[in-house]
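Atoms within a ligand are numbered from 1 in the order they appear, just like the ligands themselves. Just so you know, these numbers come straight off a predicted model, no measurement behind them.
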Amino acid sequence: MASQRKFFVGGNWKMNGNKQSIDEIVKFLKAGPLSENTEVVVSPPSLYLEYVQQSLGGSVGVAAQNCYKVPKGAFTGEISPAMIKDVGCQWVILGHSERRNVFEESDELIGQKVAHALSEGLKVIACIGEKLEEREAGKTEEVIFKQMLAIVPNVKDWSQVVIAYEPVWAIGTGKTASPEQAQEVHQSLRAWIAKNVAPDVAAAVRILYGGSVNGGNCKDLGSKPDIDGFLVGGASLKPEFVQIVNARS
Ligand code: PEP
């Protein structure tokens with residue numbers, strides 16, 4: 001039976017862009033055409049969330065790249081899920097490898113953020129992934145299952161969550177996991193979810209692949225049965241993002 005999971009493509013712009021370059025991205029997103037069979041969400045720097053939300057006019061979802069674990073208060077530099085919702089956005093990316101590895105966010109903090117974001121009504125793109133030395137030591141599953149264990153107790157409604165498997169060695173490096181390597185991890189992750197959460201959640205939850213996805217490799221990756229879409233960094237700033245959105249069409 002073909003998967004009932006709607007293909008999902010997220011564009012993580014990271015700390016890139018200004019109003020002028022954002023206008024260009026909005027232009028190619030509006031021109032598309034973007035497949036109706038794909039849910040599309042872009043994630044600008046927080047300063048531009050409202051600008052992007054208004055420019056896109058609801059045709060594409062908008063995600064913050066991060067948020068804090070409480071609604072408000074003395075947390076200089078942070079933004080809350082309530083604020084993200086207040087400017088009209090619906091999604092937040094949590095646990096991105098750059099948050100984990102550059103800003104040293106722990107599994108525990110990411111779990112707390114997931115709980116708070118969901119309780120405030122935001123949908124979450126929850127990221128997990130192993131480093132190169134962990135893969136080479138045969139620890140990929142151990143690492144990602146441990147990251148999952150910090151997320152799972154904080155989710156009540158899995159329809160509000162997508163998981164992004166992003167091997168750290170493939171992010172921004174031009175080194176993509178092969179479709180077979182990615183499928184192998186996605187399949188074992190889905191089996192882990194069936195065992196540790198519930199079989200119906202495992203069947204329904206979307207597991208995205210992230211790591212140097214581009215217009216050239218997206219069709220092969222997207223043809224794998226457990227790859228339900230992508231989280232895209234570099235290529236989400238370029239017109240080829242439209243091709244990635246349409247990878248399954
Ligand atoms: C990312 O930042 O989530 C990512 C996958 O980046 P890139 O596509 O540039 O590897």
Identify all side-chain donor-acceptor contacts of residues 24-33 below 3.5 Å with residues at least two apart in sequence or on another chain.
from : atom 1 : to  : atom 2 : distance (Å)
K30  : NZ     : S55 : O      : 2.7

Flag, side chain of Q53 to backbone of C89, donor-acceptor distance under 3.5 Å
no
Pairs under 3.5 angstrom, nitrogen or oxygen on both sides, ligand 1 versus protein: list them out, please.
from     : atom 1 : to   : atom 2 : distance (Å)
ligand 1 : 2 (O)  : N12  : ND2    : 3.3
ligand 1 : 2 (O)  : K14  : NZ     : 2.7
ligand 1 : 2 (O)  : H96  : NE2    : 2.9
ligand 1 : 3 (O)  : H96  : NE2    : 2.9
ligand 1 : 3 (O)  : E166 : OE1    : 3.1
ligand 1 : 3 (O)  : E166 : OE2    : 2.7
ligand 1 : 6 (O)  : K14  : NZ     : 3.4
ligand 1 : 6 (O)  : G233 : N      : 3.4
ligand 1 : 8 (O)  : S212 : N      : 3.4
ligand 1 : 8 (O)  : G233 : N      : 2.8
ligand 1 : 9 (O)  : G234 : N      : 2.9
ligand 1 : 10 (O) : G172 : N      : 2.6
ligand 1 : 10 (O) : S212 : N      : 2.8

Considering residues at least two apart in sequence or located in another chain, which fulfil the side chain to side chain donor-acceptor pair (under 3.5 Å) criterion with S249?
S35
Between S80 and P71 (side chain of the first, backbone of the second, donor and acceptor by atom type, cut-off under 3.5 Å), is there such a pair?
yes
Check: F230 ring centroid to F7 ring centroid under 6.0 Å
yes
Who pairs with D157 by side chain to side chain donor-acceptor pair (under 3.5 Å), at least two apart in sequence or on another chain?
S159
